[in-house]
Amino acid sequence: MPTDFQTRIAAELAEIDAQGLTKPERVIHSRQGPVIETGGRRVLNFCANNYLGLAGDERVVAAGNNAAEAYGAGTASVRFICGTLGIHKTLERAIADYLGFEDAILFAAAFDANGGLFEPLFGPEDAIVSDSLNHASIIDGVRLCKAKRYRFANSDMADLEAQLKQARADGARDIVIATDGAFSMDGYIAKLAEVRALADRYDALIMVDDCHATGFLGPQGKGSFAHCGVKVDFVTGTFGKALGGAMGGFICATAGVVQLLKQRARPYLFSNALSPAVCGASLEAIRISQGEEGDALRSQLFANAARFRGAMTEAGFDLLPGEHPIIPVMLGDARLAQDFAARMLELGVYVIGFSFPVVPRGQARIRTQMSAAHTFEHIDQAVAAFTTAGRELGVIR
């Protein structure tokens with residue numbers, strides 16, 4: 001490897017560190033859960049996407065193990081060659097039925113689902129109108145597509161309408177509005193009822209990324225569109241958060257759309273099929289989520305979020321408003337966010353400082369995430385640690 005290249009990489013890494021933007025990776029030596037082991041001790045975990053607390057659930061683990069016993073470690077192939085198993089079809093049917101769609105297609109990751117959706121369905125004659133806060137995977141998926149691109153300010157319906165008008169004026173054949181159902185860095189829930197009204201007015205389709213909604217938002221956890229009481233055309237999501245916490249993504253849509261994606265979506269055609277263990281664990285998580293136990297878990301999750309939000313506001317922290325179990329604690333400065341997270345770990349609470357390029361410059365934060373597996377005691381301990389760190393670092397009085 002050329003010395004000049006290595007020198008350039010080292011300089012860039014040094015600059016990232018000097019700006020307080022280095023993102024450390026801490027090694028966990030336990031199952032995912034409300035309490036984890038890292039650095040040789042047990043700490044409270046408030047930064048996982050484990051919304052329903054199922055990532056370490058014995059039934060989910062056992063279902064994954066049973067699937068691996070039955071089907072092995074994996075298919076050693078892509079789906080259309082010799083990589084489709086019965087459990088893949090079962091999982092596709094389960095997630096489609098759960099969310100109320102005709103069919104579903106599985107991907108190795110939700111990033112791949114968003115990366116594979118647009119290019120097969122939309123061409124130069126079409127238009128994609130995308131929310132400005134959409135996840136990076138949507139942005140990259142749009143970039144891979146030759147459709148005309150339009151962007152509207154986050155949840156700004158006047159701007160969305162202006163972009164829809166422009167797309168129609170530019171002669172778009174089909175228009176699709178693309179939005180996160182819940183915005184992962186902010187916890188905002190998309191205004192899908194208003195988006196639906198505008199889509200109907202301008203004869204547009206709606207695509208929703210529900211990675212931070214499936215399993216816990218809306219009736220039976222069906223997602224943001226169910227929470228808002230509307231129908232949408234495409235839903236992308238993941239089995240790596242509320243639905244088991246492993247990995248894997250999906251797109252739910254009409255049977256025709258799914259069939260076309262299976263013929264043309266490159267991340268599907270050129271990636272190995274999901275491992276049987278992931279499929280088995282995800283199926284069990286779906287079973288739990290859509291039943292009465294799922295209702296109880298969702299109730300606990302939102303009770304935890306309300307308790308944390310109320311106590312942190314009373315303590316004097318700057319929180320982004322909302323109802324989602326993502327609750328960002330705003331700090332502004334990237335170095336402060338890293339120092340704050342390090343002090344929290346010393347106090348027995350594992351959280352992460354988020355800074356550029358994950359969030360805009362000057363909007364660094366600690367993004368906390370509640371889980372149904374947290375108890376009120378866990379919540380109170382976390383708030384006490386935040387208060388101690390906040391006073392020491394001059395964030396609150």
Side-chain angles (χ1 to χ4, degrees), residues 28-37 45 48-77 79 82-101 103-110 112-113 210-218 220-223 235-252 268 271-301 369 371-374:
I28 298 173
H29 296 282
S30 62
R31 287 186 184 182
Q32 183 62 269
V35 180
I36 57 173
E37 183 180 331
N45 182 14
N49 299 317
N50 189 22
Y51 294 110
L52 296 180
L54 298 178
D57 185 279
E58 291 290 351
R59 296 163 297 176
V60 173
V61 173
N65 288 339
N66 291 339
E69 283 285 341
Y71 290 101
T75 62
S77 187
R79 285 280 297 268
C82 58
T84 294
L85 302 174
I87 199 167
H88 293 130
K89 303 303 294 182
T90 302
L91 182 55
E92 287 173 342
R93 186 72 266 145
I95 191 64
D97 288 346
Y98 179 27
L99 301 186
F101 284 81
D103 206 351
I105 176 175
L106 306 180
F107 291 85
D112 288 336
D210 253 356
C211 283
H212 289 275
T214 304
F216 62 94
L217 274 187
Q220 292 184 283
K222 291 178 182 290
V235 167
T236 64
T238 184
F239 304 113
K241 295 181 172 57
L243 296 183
M247 61 182 297
F250 61 84
I251 299 171
C252 288
Y268 177 85
S271 296
N272 266 28
L274 273 183
S275 73
V278 169
C279 295
S282 302
L283 282 165
E284 180 64 10
I286 292 170
R287 184 194 68 78
I288 294 170
S289 178
Q290 60 188 344
E292 290 184 4
E293 184 179 354
D295 290 337
L297 292 172
R298 285 182 281 273
S299 178
Q300 182 66 50
L301 172 63
Q369 290 167 274
S371 170
H374 286 130

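Side-chain atoms are counted along with the backbone in the values below, which use heavy atoms only and exclude waters and symmetry mates.
When all heavy atoms of G280 and A63 are compared, the pair lying nearest together is O-CB, 3.4 Å. For G245 against A55, the heavy-atom pair with the smallest separation is CA-CB, 4.3 Å. Shortest non-hydrogen contact noted between P276 and A67 is O-CB, 3.1 Å. Minimum heavy-atom separation, A373 to G53: CB-CA, 4.0 Å. Residues A273 and G83 approach most closely at CB-O, 3.0 Å, considering heavy atoms. H212 approaches N49 most closely through the heavy-atom pair CE1-OD1, 3.4 Å.
Formation of a donor-acceptor pair under 3.5 Å by the T238 side chain with backbone atoms of G248 is found in this model. Side-chain atoms of H374 come within 3.5 Å of backbone N or O of N45 as a donor-acceptor pair. Distance alone, capped at 3.5 Å, is enough to place a donor-acceptor pair between the S282 side chain and the V278 backbone. A donor-acceptor contact shorter than 3.5 Å links the side chain of R298 to the backbone of G215. A donor-acceptor contact shorter than 3.5 Å links the side chain of T84 to the backbone of R79. Judged by distance alone, with hydrogens and angles left aside, the side-chain atoms of N50 form a donor-acceptor pair with the main-chain N or O of L54 at under 3.5 Å.
Note that OG of S289 and CD of E284 are 11.5 Å apart. Values are rounded to the nearest 0.5 Å. From L243, atom CG reaches atom CD1 of I288 across 10.5 Å, with rounding to the nearest 0.5 Å. One distance of note links CD of Q290 with CG of D295; it measures 10.5 Å at 0.5 Å rounding. To the nearest 0.5 Å, atom CG of residue N66 and atom CZ of residue R59 are 14.0 Å apart. Atoms CD1 and CD1, from I95 and I286 in turn, are 4.0 Å apart once rounded to the nearest 0.5 Å. Once rounded to the nearest 0.5 Å, the distance linking CG of L52 with CG of D57 reads 10.0 Å.
S371 places none of its side-chain heavy atoms less than 4.5 Å from the side chain of P34. Here the side chains of I87 and L283 are in contact, with some heavy-atom distance below 4.5 Å. H29 places none of its side-chain heavy atoms less than 4.5 Å from the side chain of I36.
With respect to F250, the ring pair (Phe, Tyr, Trp, His ring centres under 6.0 Å) criterion is satisfied by exactly one of F107, F239, Y268, Y98: F239.
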key: Working for side chain to side chain contact (heavy atoms under 4.5 Å, CB included), residues Q369 and K241   = CA-CA 11 Å; Q369 290 167 274; K241 295 181 172 57; over 6 Å; no

message = Please determine whether side chain to side chain contact (heavy atoms under 4.5 Å, CB included) holds for the pair T90 and C279, giving the CA-CA distance in whole Å, both sets of side-chain angles, and the decisive distance to 0.1 Å.
response = CA-CA 9 Å; T90 302; C279 295; over 6 Å; no

